[in-house]
Each structure stands twice: as structure tokens, then as C-alpha cells.
Asks: 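Below you will find the structure I want to go over with you.
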Amino acid sequence: MRTFEHCYGLTANTHKNMRLHALFIGLAWLAAAPAEAQVTPAYLDETIPVEERIEDVLNRMTTEEKVAIIHAQSKFSSAGVPRLGLPEIWTTDGPHGIRPEVFWDQWDQAGWTNDSCVAFPALTCLAATWNPEMARLYGKSIGEEARYRKKDVILGPGVNIYRTPLNGRNFEYMGEDPYLAARMVVPYIRGVQENGVATCVKHFALNNHEVNRHNTNVVVDDRALYEIYLPAFKAAVQEGGTWAIMGAYNLYKGQHACHNKYLLNDILKKEWGFDGVVISDWGGTHHTMEAIQNGLDLEFGTWTNGLAGGAKKAYDNYHLALPYLRLIREGKVGTDELNDKARRVLRLMFRTTLNPHRPLGSMLSEAHYDAARRIAEEGIVLLQNKGGLLPIDLSRAKKIAVIGENAIKMMTVGGGSSSLKVQHECTPLDGIRRRVADSVEVVFARGYVGDVSGEYNGVTTGQDLRDDRTPDVLRDEAVRTATQADYVIFFGGLNKSAGQDCENADRTGLSLPYGQDSLIAALAKANKNLIVVNVSGNAVAMPWADDVPAIMQAWFLGSEAGNAIAAVLTGDVSPSGKLPFTFPAKLEDVAAHSLNAYTGERKRGIVDIEYKESIFVGYRWADKHTDKEPLFPFGHGLSYTTFDYGKPRVDAKSMFPDGKVTVSVRVKNTGKRTGQETVQLYVSDKKASLPRPVKELKGFQKVTLAPGEEKEVSFIVTREALSFFDDRKHAWVAEPGTFEALIGASATDIRGRVAFTLKTDD
Ligand code: BGC
């Protein structure tokens, strides 16, 4: 510490000299001040390239500090480096809204009063919009909510492929097709990350069901891995530029996916060049040495035995905490991996918390509700509309009967980690009443009692849905109510309770629960104007489909559910969603079940699940087995208007491997109202050296057309769209020969086809 006396004592001679010396001393004092107080450290200097700043800060950190930033310090946060001013990283679920604050060490909500969010539609609904602009809007909006809530990483989106309709988490994913999921995940990521908030795309990889999720060892061939299960992740990394990836719970090749040499080191980091952070799923880390060596960067949620082992806090027992430090100190492992992990976490900080320019975000804004409603409206799928029953003719209707528990049950609470605490949720009954109440009487009957609970991790809906009446009494009341109405709208489907659309369990069958099938059949007899709205994130069996004129797939739609549903039912909005997965007629028509390649039985020990169907997932399987016609195919969805497709054309009959062919088709709105149509391009390889699907989705475009309007829709086909993964060469290969471009309104409604050839280079 410098004092004036000290300086003065050194210099005073004459009066004049004293003044000169005082000046000199002042300058000397400034020059000798500690460097930290004077010079901005390089890592904070924005004029220096980020990678150099990362190296600078890494060099200043101790080994202990490096270890401290690669594992959790609380349920959802990891430590920064307080000594150097580096902030903590705060993560949040994800992926449909920002989760409420939880206690430091617990899953339970902390009971804050300022952490209610806007719930956006579930990702199945987003995929069903087939509209990348909606994905962008979704990402932007949820990113803004995250940012305002001071979250740095959103745990999502999820892009695990829909392999079986029993998977309890399908509602959090984007369907069965890798191309569709890839096209939709990229704009979601960009929308989020432009807020300076990272996405953490999950669950990498092969997490395709929930039963035995910690002990399933997936056995899958390389073709299916690369062609079906990885493309959406690859797009997330290479095109979306996601800053984080979450490892999955399951195993692959006998190693847990959170520390899996093949998935993380070989594919994600080496083949794809991922420079972000691999975050473990919560409780997905099991092995210290594997965690060190096999690509895990940031460990979260490990279930340790509390404070045992002399640690001060449970988090110190994490694999990438004291156990790692001990191995370093004992010289059993070096620090190369540690530096790589710390470097990645620091990179994440520079992209998020250390970016002084990131926007401020916003929360609960009108714009966010508007976004949630628009996405919901565009994702609702009109599956069937016999006799044009929909939209509801409000000039004729005097009384509408709304029936079913899902008309009144809040769906944002429950389902596992995606459960939310919303500021508002408009239920279907509320939405319909709000929309038509002035002109039409709306009556409600419960019809069935499903699950009346409404609690998740301390968040309660506040709804009292108890009803002790017997199923017969409820049914009689519903049928009576239906008989007296002009329209009957039944709201059923699944909910977010365990064993339905919910994490950590799968469904036990394809059928609707709670006796809904017989109730629907009775309602169909009571009133011919029956509309069934299925609320779910999964396909369900519909044994009554022939007797019900109108069927709508409504997903879990979030805060604006009721308003969006009412808008589509009444025709304010013409439906334009298309299914992101196949609705099979029966469970045995699904490859995984047909081949007995799935088990719903809970088991101990490692359970090998062989993906025997290989690349033939979803419509790829249905196409091969034409005797198994789906109830509703992939890509299917009706509108209130009609579209005519012209004959598809190609601009060249052949292409070279590095060239392209443009496929064009004219589409015309032949109905009486404006509507949107998603034109789908499938490519069919006529002859290949390895088995290929009959066709594969390789392009889609959603167009808006006014009545009578016609537009040309064009797709550019490059070699990539013709390629398959040749496991013999470990490479993507496009074999010369004939291909067909198929233009369709769904996977089974092909409106035209045109052939072209791929030439050899010479
Ligand atoms: C889920 C993740 C989630 C995490 C944190 C896990 O159980 O699998 O998807 O992000 O919990 O809540």
C-alpha cells in the first residue's frame, strides 16, 4: 500500500524541487500500480479474437478452477470462476417454455412469484407446422423468455426420432423423419441463440423410448444410425451451430451415451467438428474414466450419495469433480482432456454470459402469446372431414356440446422435465366459449374421468377435477347432452400422466385410456355431427374412425391451446398442419413392434434393444408393407380448401454428381378460401447396391394460396438428396442411375412423379 508520507519522504529537498518531485512521484506511483488495476486482461478485450481470449483465461486458471467449471454446483447451474469474474452458467428446461425456478438442490419449484412463463406448443406441433419460419419464431420467442429469466442454456430442443408410438417422450420431439426434424431444428436453434442463449440439443443419441432408459443398450447398424438417428443432430451442429448438446441416458455399443467414445469423440467432435459443450443428461454420467476420456464436458444431475466420502457438498462427488482431481493429482490422468473441457465451457461463456452485447430478452409479452397461438394454429392437423362438417357453421349452430376431460384439463403441468408453470393457459372449453359464446350456447359434459391430478414438482394447476360419478352415469350424461346439440366436439386423447405422454415411462398400448373408445362410439351414434379432437403427442388407435366424420389432431398446444383450437374449428384459420409421424392402424404395423424389437418390461441390468428394422422406420416401413395401410400417413393433413397439383417437371433429365436438378410443380387453390399447403418432395432410388426405402422426404415447402391462385413450387435436388450411407465405405454415396422425384400432399397421396438420372463423373 502506497502512502503520501512514503513518497514524500523519498523526495523532499527544496520547495521547488518538492513540487517537481511530487509530480514525478505521482507518475511513478501510477506506473508502478499493479497490472490488474491498469490493463484490461486479454480475455476481456473484445478486440482480441475469442479463441485467444479463451487461451488467456485458461492460462490464468488453476487446475481446481478448471475442474470447478465442468460440473454442476446446483440442480441447474454450474460454477464460474469468481476470482476472475467469470459468471456461473444457468441452464433451464426446455423445450416448450422456461421451467420455474427450483430449489438449489431439489427438483421442486422454489415458489417464486415471478417465474411464470408462456407455454409454447409441444415440439410435435411445431414439426406439424412444416414451416421453418414457425421454428424460427418459436426459437426467438423462447430464447427471449430464457434471456429475460437470466438463463444461459435451454435444455432442448429434442430431435430423437419417433420409432414407436409408445415412447412417452415423443411429444417433446419432432417426428419420425430425419429430414423434417433437421429442417425444423436449425431455425429453432438460430432463433434461440441470437439471444445469446445456448440451445442444448437432446438427447444424443438413440434415446427412442423411456422404459429402461438408463439401461437400454441400443444395437443399431451404421446405416440406420447415420441415415435415421443422426441427421437432425448433425444439422443442429453444422447448420444450426448449436453451442451445446445433451448426451442421452441409454447406452450404445455398451457405453453410456453421455460418455461414449463413438458418439461423442468420433462422430460429434471429430467427424462433425462440434466445438461446443457436451452436457450430460441429469443422472446420465456413470463412470469417471469414461467421462474424462469419452467426450463429456459438463456433468449435471448425477445422483451421488449426498455428502458421503468426506465431501463438503454432494456436487464434489460428481465424476468430473473430486474423483477427477484425485486422478490428476495421483498422476493417473493428464490434463489434456481437462483443458479441452474447460476450453469448451469457456467458449460457451464467451457465447453467452460473457457477451456484453446480447439482447435483454423479454417475457410474457403479447408477441410471445401471439407466437404461441400462431404456431399452435399452424400445427393442428385436420385428419378427417367427411361431408365438410368442419368448419363449424356458426350461422346454423345454436347449441354446441363440448365433451371430454381434455376440454377442461390444463396440459402444461406434468409430463416430466418439460412441465411448466404458466401465467395463463386457455383450455379448449374456454377457447370455444370465448369464440362463440355471444351467438351459440355451449354446454359441457365430462364424459369420462381420467387423471384428476395436476401437480408436478410442486407446481399445481389449481384445478379441482375430482368427479366421483360412475363411468355409466358420466356416459349417459354425455350422450344425452350430445343428442340435444347441433355439433358435438369431443376432446380426449392422452394427458401428461405417467404411462401416457410423460417422461420415464412408455405407454402400454396404442389405445386411448379411460374407456374413451366406447364413449366416442356412443357419441357417434347419438349425433352425426361429431368432431373428435385428439390431444396427444403420439399416434393413438381410432377404432371408431369410420363412424366419426371429423377428426382433428391437436397436440399439447401450450398457453394458447383453446384459442388456437377454436380458431381452427370455427374456420377463422384454415388448418394447415401435416403429420410428422405415421398413425398406424395397429401397433403391430409399426416396425419395432412387428419385429419384436422393443420391450415395455422394466428390467434390471443392461437390456439390448436391437433396431432390427434398420432404416425402415415410420413411412419407410409402411411403404414396404403395403398390406399395412396406415390409419393416417406421414405428411397427411387436410385443409378447408382444396389444392390441385400440376405435373412435376425437371429442368434437366440428368445431372452430374456435383450438379443439380430442379423439380417444379404448379399448385393451385381450387377451393373458396385462402389456405396453406405443404408440398412434399420424396426421392426414390430405382436401383441401388444396398436396400433403400421406397422413397424418402427430401424437400417440402409451405405455400399460401388465395382462392384460384396458382404458384410454382421448386425444389433443388443435389447429390446429397440422392445419397445413402454406405456402411461398407463409411461414407455417403450417390450411385449413378435412375431416380424419381415424387411430389405429394402426404406420403401416400403422391400427385405426380418425374424421373431423372445421375450420371457418372466421366
Ligand atoms: C431429462 C432431460 C432434462 C433434464 C433436466 C432429465 O431427466 O431427460 O431432458 O433436460 O432431466 O431436467
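Numbers here simply count residues along the sequence, with the first being 1. The analysis underlying the following values was restricted to heavy atoms, covering all of them including side chains, and did not include hydrogens, waters or symmetry mates. Numbering of ligands and ligand atoms starts at 1, following listing order.
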Asks: Would you sort out whether M410 and C426 count as a side chain to side chain contact (heavy atoms under 4.5 Å, CB included), showing the intermediate values?
Replies: CA-CA 8 Å; M410 280 176 67; C426 176; over 6 Å; no

Asks: Quick check on side chain to side chain contact (heavy atoms under 4.5 Å, CB included): which of L86, D152, V277 does M349 satisfy it with?
Replies: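 The passing option is L86.
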
Asks: Only distances under 3.5 Å count here; give the side-chain donor-acceptor pairs of residues 153-161 to other protein atoms, sequence neighbours excluded, each with its distance to 0.1 Å.
Replies:
unit_1	atom_1	unit_2	atom_2	d
N160	OD1	H203	N	2.8
N160	OD1	H203	ND1	3.4
N160	ND2	H203	O	2.8

Asks: Assert yes or no for the condition that the ring centre distance of F76 to W282 is strictly below 6.0 Å.
Replies: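 Distance test on ring centres: under 6.0 Å, yes.
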
Asks: Does a salt bridge link K75 with D105, judged by any charged N lying under 4.0 Å from a carboxylate O?
Replies: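 Looking at K75 and D105, the cut-off is not met.
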
Asks: Does F556 have K496 sitting over its ring (NZ/CZ under 6.0 Å from centre, angle to axis within 45°)?
Replies: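 Pair K496/F556 counts as cation-pi.
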
Asks: Students should find this: residues with any non-hydrogen atom under 4.0 Å from ligand 1. What is the answer?
Replies: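 Contacts of ligand 1 under 4.0 Å: F76, D93, R99, W107, L155, R169, K202, H203, R213, M246, Y249, D281, W282, S417, E503.
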
